[in-house]
Amino acid sequence: MKLAVLMSDYRTGSDIVDRLSAEKLGIILVGNGVYHAAAKEGGKACPILEKKADFYALTEDFESRGFTADKLDSRVKAVNYGDLVDLIFNDYEKVIWL
Amino acid sequence: MKLAVLMSDYRTGSDIVDRLSAEKLGIILVGNGVYHAAAKEGGKACPILEKKADFYALTEDFESRGFTADKLDSRVKAVNYGDLVDLIFNDYEKVIWL
Amino acid sequence: MATKKLAFVVRSLPYKTEASRLALTHAISSQTVEIYLNDGDLVEASISYVGDGVFNILKNQQAGKHYGITTNEGHAKNTLLLDLKVLICKEDLDKFGLTEENLVMDAEDLGGDMRANIVSYNEIQKEMETADHLLFC
Amino acid sequence: MATKKLAFVVRSLPYKTEASRLALTHAISSQTVEIYLNDGDLVEASISYVGDGVFNILKNQQAGKHYGITTNEGHAKNTLLLDLKVLICKEDLDKFGLTEENLVMDAEDLGGDMRANIVSYNEIQKEMETADHLLFC
Amino acid sequence: MGKLTIGTFSSLVGSMSLDFAVKLSEAAVKKGHKVDFWMSGNATMLAKKGQKAFKDYSFLSKTLQEMLATGNFNITACEACAEARGYHKEDCPDGFQRKSMDWYLASTFEADRVLHIGGD
Amino acid sequence: MGKLTIGTFSSLVGSMSLDFAVKLSEAAVKKGHKVDFWMSGNATMLAKKGQKAFKDYSFLSKTLQEMLATGNFNITACEACAEARGYHKEDCPDGFQRKSMDWYLASTFEADRVLHIGGD
């Protein structure tokens, strides 16, 4: 399946993502999920970014929290709400919110 | 200080509890915090119970979730809402909610 | 004439928030959805419990006695009474040391025939793959 | 004539919930509380940022532009403008690789004199000990 | 053009999850898609008339009315959830509907995509 | 006998944190303590008249009215938070007050214990 995961939290949900598998998997960081792309703990990027998936972060949400696109982990692509609509309709078949 | 911590969540807040220090520390498990006393992962009790503190769990809340007092870790004492009021007023000076 | 398959996946703890309770009540409402659809069209809901979500189906929840609300246990029983497909992740039960005895496995006392299925995560993954839409909570 | 000391401790991330935003606005309201108190009585609020809470005071929050709401950055600046004591946990900044440059440290642009203090967790622990009440969020 | 059904269970003010759902709907409607927006549980807070705009809180009524005007946006509250919160028929904003939960399930039948925002 | 000030910022229905705050108040009032109960943010959902009892949702109005009758319980909503949600004066249940945030801070002045329930 082609699955888009909207990840909206920083401290919960990783246990679920770890197990998800899909032929095509997109992880879209929204809300407080953007800290997965923008924050480092002890100098290390978030382990979730090791997952085999395409990563996106919502511009409106990381900018709201004081980050700019150049602060994101290089594996993560910035998208806006319009892009997100296209991703959901064109690139994936199913969408979940964590 | 004499500090009572009402711990209401299972998956967040432990980072804060780890650092708290008080001459007299009470950790009172309420809401989903009761899983710290009632759930075991991989056969192991929750690490938070290693903390030097007096532990309590709210009877109304663990019973609501399907546990009985005999299922609680032996370090944890069952209390009801009336006992909780007495603990807050008589045994501790400050109360926080996590 | 078509059937759409919805897979509800309960992964959060009960009670603190509304997430899992409302997932169950919405899944149950698949039984009355026909009034909105054309003849022969159907919406079919399954429910899978994974991760912390398995705590939703512990037996003997006393939330009615203490807080005056229906329990998630009661809702889970209703899903079985109404013949919804229910999957419970075995690996997560093992992790928490839970067994059939601890869980709502049927609604026999209410006259239901359906039993919940304890399955490996792979089966839940398959359920997700064959569903038209996924509803996590 | 007495002063009661309240220590607000911000430990949660901004925005997803109301917790930290409302802590800041309530702390600020200590400035107008006298209308409810006897002459000479005071309520004094301090604010400490610990753990994930340090992300509340990042600079350049664009929530106004994107969502039409005032930012936590703005509220944090107001606490400094109004001379509230502000403590930021150094160990947590180090953990996240954050420095003064990233943070709201003063309200100079608005005419404020007060600066936030980056301190070790021990200092925040002392603040908690000398306060009459603790308000975590 | 497709149809997106969004189910929301979050709270209005202070929970940015509900803001997210509204902004996503807006972006979808702008691109010509149809959106069904279901409010259950605490998300029914959106379904109360007379909300005042304050700068500290998100204020979503205006965006919702603009979307309704396009004819491609349908917003419906769980009736029981609303009544439990003391919201009666006369509290319901213009253009909003109130239905039972099966409305949401029915909406998914013809939806191309479903986003169920279950968390609070 | 002491005074307990509880500040609540959670949601009414479905969030058991608010149920907790009400049950704790009830237990304290029964023991003869005074309780000031502050509702801010989404907790102002308690401050809406006409809530209907459903078995799926907690229904706290009755307990609150019983506590008010004792004279040892004071319940006050943040006025701006209420207005942001479309709750006006006429929506406020009998015996409830509406004030600005400094009321909460003032209440802590004479409180023996303060419980600030900040999370949602």
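All of these numbers come straight from a predicted model, not from anything done at the bench. Computed over heavy atoms, backbone and side chain alike; hydrogens, waters and symmetry mates excluded. Letters go in sequence order (proteins before strands), and every chain restarts at 1.
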Around [X], counting heavy atoms of other residues, nucleotides and ligands shown, do more than 12 lie under 6.0 Å from its [atom1]?
| X | atom1 | result |
| --- | --- | --- |
| A:K24 | NZ | yes |
| E:K30 | NZ | no |
| E:E110 | CD | no |
| A:K51 | NZ | yes |
| E:K31 | NZ | yes |

What part of [X] lies closer than 4.5 angstrom to a heavy atom of chain E: side chain, backbone, both or neither?
| X | answer |
| --- | --- |
| A:D61 | side chain |
| A:V95 | both |
| A:L98 | neither |

- Message: For chain A, which candidate among E:I117, E:L115, E:V114 shows the most heavy-atom pairs at distances under 4.5 Å?
- Response: E:I117
- Output yes when a side-chain donor or acceptor of E:R113 lies under 3.5 Å from a complementary backbone atom of A:Y92, and no otherwise.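 Answer holds: yes.
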Work out which heavy atom in [X] is nearest to a heavy atom in [Y]; give both atom names and the distance.
| X | Y | result |
| --- | --- | --- |
| E:L4 | A:F89 | CB-CZ, 3.7 Å |
| E:A27 | A:G82 | CB-N, 4.1 Å |
| E:F20 | A:L58 | CE1-CD2, 3.8 Å |

- Query: Using non-hydrogen atoms only, which part of E:K23 is less than 4.5 Å away from chain A: side chain, backbone, both, or neither?
  - Reply: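 E:K23 touches chain A through backbone and side-chain heavy atoms alike.
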- Query: Do E:F9 and A:W97 have ring centres separated by under 6.0 Å?
  - Reply: no
- Task: Go through A:L84, A:T12, A:I88 and name the one with the most non-hydrogen pairs under 4.5 angstrom from chain E.
- Result: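 Counting heavy-atom pairs under 4.5 Å, the top option is A:I88.
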- To the nearest 0.5 Å, what is the distance between CE (E:M16) and CD (A:E60)? 11.0 Å
